[in-house]
Chemist: 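Structure below; questions to follow.
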Amino acid sequence: MFEAGDIREWRGHDVVDDNARKIGKLESIYVDTVTDGPSFATVTVGMPTRHRLVFVPLAGATVGPGYLKVVYSKRLVKEAPSIEIDGVLPVGDEAAIFAHYDLAYKPGAEGERRLARR
């Protein structure tokens with residue numbers, strides 16, 4: 001797995017799905033607040049005048065020359081929960097992101113955030 005600091009250098013590079021179809025451009029990385037490891041990426045998708053950011057898990061992702069390849073289909077990623085380009089992920093929406101990918105979600109013991117943007 002790559003380090004969060006390394007993947008930040010890839011901002012603006014293509015994100016492709018498991019069949020090498022372009023999904024969008026890498027915008028940012030969200031780390032797991034428990035491990036501080038990269039957990040999700042946000043990908044810029046949409047029409048030129050109506051962009052949004054969708055979330056995709058980084059587990060199993062690989063980097064290649066000029067792209068980040070995720071293990072999820074383009075369709076699944078584009079249907080994922082999203083935020084506006086300059087938006088902030090509300091803590092209450094975190095569980096929906098995990099559920100979209102059938103991943104277990106458990107907030108901190110006192111309800112702390114599970115994802116933090118880097």
Side-chain angles (χ1 to χ4, degrees):
M1 183 56 125
F2 38 79
E3 295 297 320
D6 296 338
I7 197 66
R8 274 194 301 251
E9 296 171 9
W10 286 76
R11 186 174 184 203
H13 283 48
D14 289 343
V15 176
V16 299
D17 73 1
D18 53 350
N19 290 313
R21 291 177 297 197
K22 182 179 174 183
I23 299 170
K25 299 280 186 183
L26 179 65
E27 196 278 331
S28 64
I29 300 299
Y30 282 73
V31 296
D32 185 314
T33 58
V34 175
T35 67
D36 204 37
S39 181
F40 280 81
T42 53
V43 181
T44 303
V45 299
M47 306 301 284
T49 58
R50 184 114 171 118
H51 285 108
R52 61 191 172 94
L53 299 174
V54 293
F55 289 82
V56 62
L58 289 172
T62 56
V63 292
Y67 68 87
L68 171 69
K69 185 176 185 178
V70 296
V71 298
Y72 298 92
S73 72
K74 179 178 181 175
R75 180 178 179 190
L76 182 64
V77 175
K78 286 198 166 195
E79 293 173 349
S82 64
I83 58 174
E84 296 297 319
I85 292 293
D86 294 326
V88 175
L89 175 64
V91 69
D93 292 353
E94 286 186 354
I97 293 168
F98 282 78
H100 180 76
Y101 293 101
D102 293 324
L103 299 172
Y105 176 74
K106 184 177 178 186
E110 295 181 27
E112 300 93 352
R113 295 191 77 104
R114 182 72 188 274
L115 298 174
R117 185 176 176 180
R118 297 285 178 185

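Predicted model, so just to flag it, every value in this text is computed and none were measured. Side chains are part of it too, since the values below use all heavy atoms of this structure and drop only hydrogens, waters and symmetry mates.
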Chemist: Can you give me the closest heavy-atom contact between A96 and P81, atom names plus distance?
Modeler: O-CG, 3.8 Å
Chemist: Please table the atom pairs, donor to acceptor, closer than 3.5 Å between any side-chain atom in residues 101-108 and protein atoms at least two apart or in another chain.
Modeler:
residue: Y101; atom: OH; partner: F55; partner atom: O; Å: 2.5
residue: Y105; atom: OH; partner: E94; partner atom: OE1; Å: 2.9

Chemist: Return the OG1 to CG distance between T42 and L89, rounded to the nearest 0.5 Å.
Modeler: 10.0 Å
Chemist: Should E84 and R52 count as an ion pair when the cut-off is N to O under 4.0 Å?
Modeler: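 The answer is no: the pair does not qualify as a salt bridge.
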Chemist: CG of D18 to OH of Y72: how many Å apart, nearest 0.5 Å?
Modeler: 10.0 Å
Chemist: Nearest 0.5 Å, what's the OH-CZ distance between Y30 and R113?
Modeler: 7.5 Å
Chemist: Give, for atom CG of L68 and atom NZ of K25, the distance between the pair rounded to the nearest 0.5 Å.
Modeler: 12.5 Å
Chemist: List for me each residue that meets side-chain contact (heavy atoms from CB on, under 4.5 Å) alongside I85, sequence neighbours excluded, and say none if there are none.
Modeler: T44, H51, L53
Chemist: With hydrophobic residues grouped by side-chain heavy-atom distances under 4.5 Å, do V16 and V71 end up in a single group?
Modeler: no
Chemist: Any chance you could measure Y67, atom OH, to L26, atom CG, to the nearest 0.5 Å?
Modeler: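 Output value for this atom pair is 14.5 Å.
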Chemist: Where the side chain of N19 meets the backbone of R21, is there a donor-acceptor pair that is under 3.5 Å apart?
Modeler: no
Chemist: Determine whether V34 and L58 fall in the same hydrophobic cluster, where Ile, Leu, Val, Met, Phe, Trp and Tyr are linked whenever their side-chain heavy atoms lie under 4.5 Å apart.
Modeler: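 No; L58 is not reachable from V34 via cluster members.
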